[in-house]
Undergrad: 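Handing you this structure, nothing more for now.
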Amino acid sequence: MLDTMDYIVEHEHEQLVTCFDRHSGLRALIAVHNTTLGPSLGGTRLWHYENSEAAIFDVLRLSEGMTYKAAVAGLTLGGGKSVIMADGKEKDPQVRTARFQAFGRMVENLNGRYIAAEDVGTTTADILTARGETKHVAGLPTEVGGSGDPSPVTAYGVMQGLRALTEIILKTDQFKGVRVAIQGLGKVGISLAEQLVSAGATVIATDINTETCRRAAEEFGIKIVEPEFIYDVDCEIFAPCALGGVINDQTLPRLKCKIVAGSANNQLLDTRHGEALNEMGITYAVDYVINAGGLINVAHELSGYNKEKALAQAAQIYDTVKKMLALAASEKISEVRAARMMAQERLGAVAAR
Ligand code: NAD
C-alpha cells in the first residue's frame, strides 16, 4: 500500500491538496511538485479511480512529470497537476458545472501556485467554467482569446522528436519506409498519424473506439490492428498515444520496435522499465521530453498567445531529443537518466541563483 507521506518525501513534492465540496460532490486532488522555475502548471484529469489511493498516486506521479517537462522544455513553469474523481454524476451538465466552479475556487485558494489546464476527461469548456472563479487557468478556448486545444501542437512536437530519432537511430532523414505503430487515435494520435502519413511513413494503429479506427483507416489509408495486438507489430517506432503504464513487464518482451516515442504521459509503469528498454537496445524518447508541445503552447497563452512563436518553440523538441540522445551516449546511460539529468541541471542552476 502506498504511504502518501513517504512518497511525497521521497519525490520531494511541495504540496498535496485534498478538495471536497459538499454542495457539488466534488472530490479532487491538486499536487504541486516543484515551483523552483515558476508557478506550477498542469492539466486537470477527470477520471474514474478505483479508490482515493489510486487518485493520489496518479496526481503525484503526473505532477512530478510536469516539473521535468517544463524544465527540459526551458519554460519558467513548475510542475503541478490535479485530478477530479469521477463518479458518473458529472454526466449531468448542472453537476459538472457546479463541480468545475468548486474546483476553480480550490485553485483560487492556492493564490497562483497552481495553474489548471485541460487534460484527459476535461475540455476547454470545463476550464472556462473554472475561469469564472479563478484567473489561474490556461488553455482556454480560442473564442475567448485562449490558445485552444493544445493537441495539434503536442503532435507537432512529437513529430519533431521523431525526426531527430529517425536521423540518429534509423540513420535516415526520411519517413518513407519507416513503420510507426500508434496506440490511441485520440486528439494527439490522429494528428500524429496524419502528419506521419503525409511525410511518407507507414502507419499501423489501434484504438479501443472502433468508429475512430474506421474513420482513420478511411481518411488516411492506415492499417488498423486490434488494441491487444499493437505491442506485437513489427515496426521501427512504437508510439504510445493513449494512456500511461503501457511499457511494463508484460509488454516489454513483445515489442519489436527500435524506438518508443509517443505523446502519452507516464508511458513507463516504473522507471526500471526505461532501463529495460535500454538493455533491449530500444531507444526511449522519454515521454516528458517529446510530448512537451502542448505545455509549450499553453505556456505561450500566459504571455499573450502567438501561434507561430509557440510552434517555433515546440520545434525545438528536435534539438532537445538530439541533446538527450547525445548525453545518453556520452555518459553511457539510459535516455530516462539522461533526461532526468537535463531537468535536474536546469532546476539546480535556477535554485542556485
Ligand atoms: P484522447 O483522450 O483524445 O485520446 C486517447 C485515445 O486513446 C482515445 O481515442 C481512446 O479511445 C484511446 N485509448 C484508450 N485506451 C486505449 C487502449 N488501451 N488501446 C488503444 N487506444 C486506447 O487524449 P489525447 O489528448 O490524444 O492524449 C493522448 C495521450 O497523450 C494522453 O496520455 C495524454 O495525457 C497525453 N498528452 C496529451 C497532450 C495533449 O496536448 N492533448 C499533451 C501531452 C500529453
Side-chain angles (χ1 to χ4, degrees), residues 41-48 58-59 61-63 65-66 68-70 72-73 75 77 79 81-83 86 117-124 126-127 138-139 146-161 181-195 203-216 222 224-233 238-248 250-251 254 260-269 285-301 310-311 314 317:
L41 190 151
T44 303
R45 183 164 291 195
L46 176 68
W47 195 248
H48 186 87
D58 204 29
V59 79
R61 266 192 93 187
L62 288 165
S63 63
M66 293 307 290
Y68 306 137
K69 193 185 297 198
V72 173
L75 301 170
L77 288 170
K81 200 88 181 181
S82 53
V83 300
E118 173 198 7
D119 196 68
V120 175
T122 56
T123 63
T124 49
D126 295 323
I127 300 306
S147 56
D149 179 7
S151 310
V153 185
T154 301
Y156 174 74
V158 171
M159 195 65 191
Q160 306 317 306
I182 302 180
Q183 180 184 46
L185 290 167
K187 296 189 291 280
V188 180
I190 198 74
S191 175
L192 183 64
E194 185 178 7
Q195 291 179 55
V203 175
I204 309 102
T206 193
D207 197 288
I208 48 172
N209 185 327
T210 47
E211 178 53 22
T212 301
C213 291
R214 194 196 58 74
R215 262 189 283 123
I222 61 179
I224 299 293
V225 296
E226 289 294 323
E228 61 269 34
F229 298 132
I230 195 72
Y231 304 104
D232 308 311
V233 172
F238 171 50
C241 296
L243 294 177
V246 294
I247 305 296
N248 54 48
Q250 279 68 47
T251 58
R254 294 169 60 185
V260 172
S263 75
N265 283 312
N266 293 343
Q267 289 168 32
L268 307 174
L269 186 61
V286 182
D287 40 18
Y288 62 76
V289 173
I290 199 164
N291 75 8
L295 178 64
I296 290 168
N297 198 54
V298 171
H300 275 260
E301 182 179 311
L311 285 173
I317 291 173

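We number each residue from 1, following the sequence as shown. We use all heavy atoms of the structure for the numbers below, so side chains are in, but hydrogens, waters and symmetry mates are not. Order of listing sets the numbers, starting from 1, for every ligand and every atom in it. A quick note: this is a predicted structure, and the numbers were derived from the prediction, not measured.
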Undergrad: If I apply the N/O under 3.5 Å rule, does S151 come out as touching ligand 1?
TA: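 So ligand 1 has an N or O lying under 3.5 Å from an N or O of S151.
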Undergrad: Taking all non-hydrogen atoms of both residues, which atom of I317 and which atom of V289 are closest, and how far apart?
TA: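 For I317 versus V289, the nearest heavy atoms are CG2-O, 3.8 Å.
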Undergrad: When you measure from atom 43 (C) of ligand 1 to every protein heavy atom, which one gives the shortest distance, and what is it?
TA: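 Of every protein heavy atom, N291 O, 3.7 Å lies nearest to atom 43 (C) of ligand 1.
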Undergrad: Considering R45, K187, K69, which one's heavy-atom position lies nearest to atom 25 (O) of ligand 1?
TA: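 When every heavy atom of R45, K187, K69 is considered, K187 comes closest to atom 25 (O) of ligand 1.
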Undergrad: Should Q183 be counted as touching ligand 1, given the test is an N or O pair under 3.5 Å?
TA: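 Among all N and O atoms of Q183, none is under 3.5 Å from an N or O of ligand 1.
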Undergrad: Which option wins on minimum heavy-atom distance to atom 44 (C) of ligand 1: G43, S263, A264, P240?
TA: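 When every heavy atom of G43, S263, A264, P240 is considered, S263 comes closest to atom 44 (C) of ligand 1.
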Undergrad: In the structure I gave you, are the side-chain heavy atoms of V83 and W47 within less than 4.5 Å of one another anywhere?
TA: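 No, side chains not in contact.
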Undergrad: Tell me the nearest of I230, I208, V153 to atom 17 (C) of ligand 1, using heavy-atom distances.
TA: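 When every heavy atom of I230, I208, V153 is considered, I208 comes closest to atom 17 (C) of ligand 1.
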Undergrad: Search all heavy atoms of Q267 against all heavy atoms of P240 and return the closest pair with its distance.
TA: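 Taking Q267 first and P240 second, the nearest heavy atoms are OE1-CG, 3.5 Å.
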Undergrad: Can you tell which of L243, D119, V188 gets a heavy atom nearest to atom 26 (O) of ligand 1?
TA: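 Ranked by closest heavy atom to atom 26 (O) of ligand 1, first place is V188.
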Undergrad: Any atoms of ligand 1 less than 4.0 Å from a non-hydrogen atom of P150? List them with their elements.
TA: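 Those atoms are 40 (O).
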Undergrad: Please report the shortest heavy-atom distance between R254 and F229, naming the atom on each side.
TA: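 It is NH2-CA, 4.2 Å.
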Undergrad: Check each heavy atom of D149 against ligand 1 and say whether those closer than 4.0 Å belong to the side chain, the backbone, both or neither.
TA: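 Neither part.
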Undergrad: Nearest protein heavy atom to atom 40 (O) of ligand 1, by residue and atom, and its distance?
TA: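 Here the closest protein heavy atom is T154 OG1, 2.6 Å.
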Undergrad: Quick one: pull up CG in D207 and OG1 in T212 and give me the separation to the nearest 0.5 Å.
TA: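 Between D207 CG and T212 OG1, I get 5.0 Å after rounding to 0.5 Å.
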Undergrad: For T44, is there any backbone N or O sitting under 3.5 Å from a side-chain donor or acceptor partner on T122?
TA: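 Answer holds: yes.
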Undergrad: So between L185, N209, D207, whose heavy atom ends up nearest atom 11 (O) of ligand 1?
TA: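 Heavy atom nearest to atom 11 (O) of ligand 1 belongs to D207.
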Undergrad: With a heavy-atom distance limit of 4.0 Å, tell me whether E211 approaches ligand 1 through its side chain, its backbone, both, or neither.
TA: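 Near ligand 1, E211 shows nothing, with every heavy atom at 4.0 Å or more.
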Undergrad: Please identify which of these residues, V153, I182, T154, meets the side-chain contact (heavy atoms from CB on, under 4.5 Å) condition with V188.
TA: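 Passing option: T154.
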Undergrad: Closest by any non-hydrogen atom to atom 5 (C) of ligand 1: pick that one out of C241, G184, G294.
TA: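 Nearest heavy atom to atom 5 (C) of ligand 1 lies in C241.
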Undergrad: If you take all heavy atoms of A314 and Y156, which pair is closest and at what distance?
TA: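 For A314 and Y156, the tightest heavy-atom pair comes out as CB-CD2, 4.0 Å.
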Undergrad: Less than 3.5 Å apart, any donor N or O on the side chain of D126 or T123 sitting next to an acceptor on the other?
TA: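 Looking only at side-chain atoms, T123 and D126 do form a donor-acceptor pair, the distance falling under 3.5 Å.
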Undergrad: Would you indicate which of G186, G121, G139 comes nearest to atom 4 (O) of ligand 1 when only heavy atoms are counted?
TA: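 Heavy atom nearest to atom 4 (O) of ligand 1 belongs to G186.
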Undergrad: What protein heavy atom lies closest to atom 34 (O) of ligand 1? Include the residue and the distance to one decimal.
TA: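 Nearest protein contact, heavy atoms only, for atom 34 (O) of ligand 1 is N265 ND2, 3.0 Å.
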Undergrad: Do I190 and R215 touch side chain to side chain, with heavy atoms closer than 4.5 Å?
TA: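 Contact flag for I190/R215 side chains = no.
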Undergrad: Please state which option from G244, A242, G262 has its nearest heavy atom closest to atom 32 (O) of ligand 1.
TA: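 Comparing heavy atoms across G244, A242, G262, the nearest one to atom 32 (O) of ligand 1 lies in A242.
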